Amino acid sequence: MNIRYLAGSLTMAACLGLYAQHPAVITIHGDQGKQIIPKEIYGQFAEHLGTCIYGGLWVGEDSKISNIKGYRTDVFNALKELQVPVLRWPGGCFADEYHWMDGIGPKEQRPKMVNNNWGGTIEDNSFGTHEFLNLCEMLGCEPYISGNVGSGTVEELAKWVEYMTSEGDSPMARLRRQNGRDKAWKVKYLGVGNESWGCGGSMRPEYYSDLYRRYSTYCRNYDGNQLFKIASGASDYDYNWTRVLMNQVGGRMNGLSLHYYTVAGWSGSKGSATKFDNEDYYWTLGKCREIEDVLKRHIAIMDGFDPQKNIALILDEWGTWWDEEPGTIRGHLYQQNTLRDAFVASLSFDIFHKYTERLKMANIAQIVNVLQSMILTKDDKMVLTPTYYVFKMYKVHQNATFLPLEVNCEVIDVRDHRKLPLVSATASRDKDGKVHISLSNVDLENEQEIIVRLSGISASRVQGEILTSANIADYNSFEQPDVVKLAPFKDVRINKDMLKVKLPAKSIVTLELL
Ligand code: AHR
C-alpha cells in the first residue's frame, strides 16, 4: 500500500480537493488464485428482536399482507434474489433465553414469554423451529441454530438436535411427526451458546470451555446429519477468550465465533444512522476496516494452536450499530441504512475475502428491520437498503476463487489514529471462468481514476453495475424507496491486459469481464 500522508484535518483536506491526484493502480493476479470464497461469507442472521421475525420475515397465513405460508411474499422474493447461503437463528442474546419446546405444536397452545433482552416485548412463539427450518428449505440456505447454554440445559439442547435431525423412531422424532413433519431436516451449523461472556451467561472463558465440552458431547449426529459445532467466541478485541478456547476446547469445536460491530462504543450515543458529517463518515470506514487487524490477531492465535486450520473462524455477527431511529420502540434496535452502510458492507467483504483460509462464515446483523439490515418493512411496505444492493452486487463472489490483488492508492488519516485507503477492491473467478472485480471509491469529493492491471486474465469486454447517490447520507424510505439503487456502469475501458476505470466519488462498482 502506497501511503501518502495528508496533513491537516480530514475535512479541510477534503474541502481543498487534495485527494485522488494520481490514478490508483490495482494489480490483479489472475494466475495465483487458490482459495475459494465460501458462500457462507454472505450469511445472514435472524433474531427475535423488534420486527425482524414478526412483521419482517413472518406475518402468518391469516395476514392481509401477501404471504407464502405465512412468510411475507415481498421479503421472501427479495431474499431469494440474494442467494442467502446460511441463516443464523433465533439469536443473539435471545437464543440464551429461548426454550425451543415453547415454539412447536399448535400455535394457540404455545406459551408466551417476555423478550427480556429486547424491550420486554411479548413473544408468542408463533415462529418456532418448524417455521424457521421450513423457511431455510424454501430459501435454499443452510440453517444455523444458536443453542441455549446460558439459561437452558444440556438435555434441552440435546433433544432439540434430536427433534430436528433424527429420522428414527426416537422420542423427539415422534414428537416432530406429531407436529406435522415426517422427514428430519438437515441442520449443519449448531452454535453452542452466544456471547457466553455477556448476555449468554456472563461466564469466564475457562468455565465456558468446560460447558462447551459438556453440551457438545450430547449434541449427536443422527442419521447422516453431520453437525458443525460452533463455540461461542470473543467480542472484537478479547484475544484472551480465543486463546483460552483454543487451548481448552481445541478440536472439539469445528468453529469458533467472533463478533465485531462498527460501533462508536457500548455506552452513550452510537450516533445517528442518517445524520452525520463527513468526519463521522470517514471515522466509520476506519472503524470498519479495523476488523482486518482484529481478524489477523484472532487468526494468529488460532494458527498457534491449529496450524492445519481445522477450526474455522465464524464471524457470526458484524455490521453497523447506530442509535435507534427516533420514534421507534426502545430496545428494538431499528435503524435506517444509508450509502455509508453500503460502504461498510463492501469494505468488509473486500477484507473477508482475504482471510477465507480461516474465516469460513460471516453473518451480518440482522436480515430485516434491525441493525444493518438488507430490508426494512412497515405494514405492507418494504424497502431494500443500500446494504441489500451491495450483497446483490457481490453475490458473484460466492464460491468463486479469490484472486490476490494489490491496491496502490492514496491513504488518509481519520479520527482515532486510523488510516483509510481511498480505494478498496476485491476480485474473484467464478466456476465458469468469469472474473468479477468490485471497487469502492470512498472519497466523498473526487472521482478516482483507476488503472487495473490484469495479470493472467484474458478478456475482451467488460460490463458493470454501480451503487451511488447524490449524498452519502441518502437512504431508501417507504415514501421514496428508490433513492439509492443499482444502475449500469459504463465508465470503464478494456485494453488487452488493462482496465481504465473512472469511479465517481462515493461509489461502489462490480465489473464482469467477458
Ligand atoms: O445484534 C444484537 C445483539 O448484539 C445480539 O443479540 C447479541 O449477540 C449482540 O450483543
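In each ligand, atom 1 is the first atom listed, and ligand 1 is the first ligand listed. Here the structure is a predicted model, which means the values were calculated and not measured.
Put simply, the side chain of Asn363 reaches to within 4.5 Å of the side chain of Met361, judged on heavy atoms.
Looking at residues two or more places apart in sequence or on another chain, you find a side chain to side chain contact (heavy atoms under 4.5 Å, CB included) between Pro85 and Lys39, Tyr42, Gln398. For the salt bridge (Lys or Arg N to Asp or Glu O under 4.0 Å) test, residues two or more places apart in sequence or in another chain that qualify with Asp306 are Arg358. With sequence neighbours excluded, no residue forms a side chain to side chain contact (heavy atoms under 4.5 Å, CB included) with Ser202.
Considering Trp241, Trp197, Tyr215 in turn, Trp241 is the only one that fulfils the ring-ring contact (aromatic ring centres under 6.0 Å, His included) rule with Tyr208.
Pocket lining of ligand 1, defined as residues with a non-hydrogen atom under 4.0 Å away: Glu47, Gly92, Cys93, Trp118, Asn194, Glu195, His259, Tyr261, Glu317, Trp321, Gln366, Leu371.
More than 12 heavy-atom neighbours from other residues, nucleotides or ligands sit within 6.0 angstrom of NZ on Lys309.
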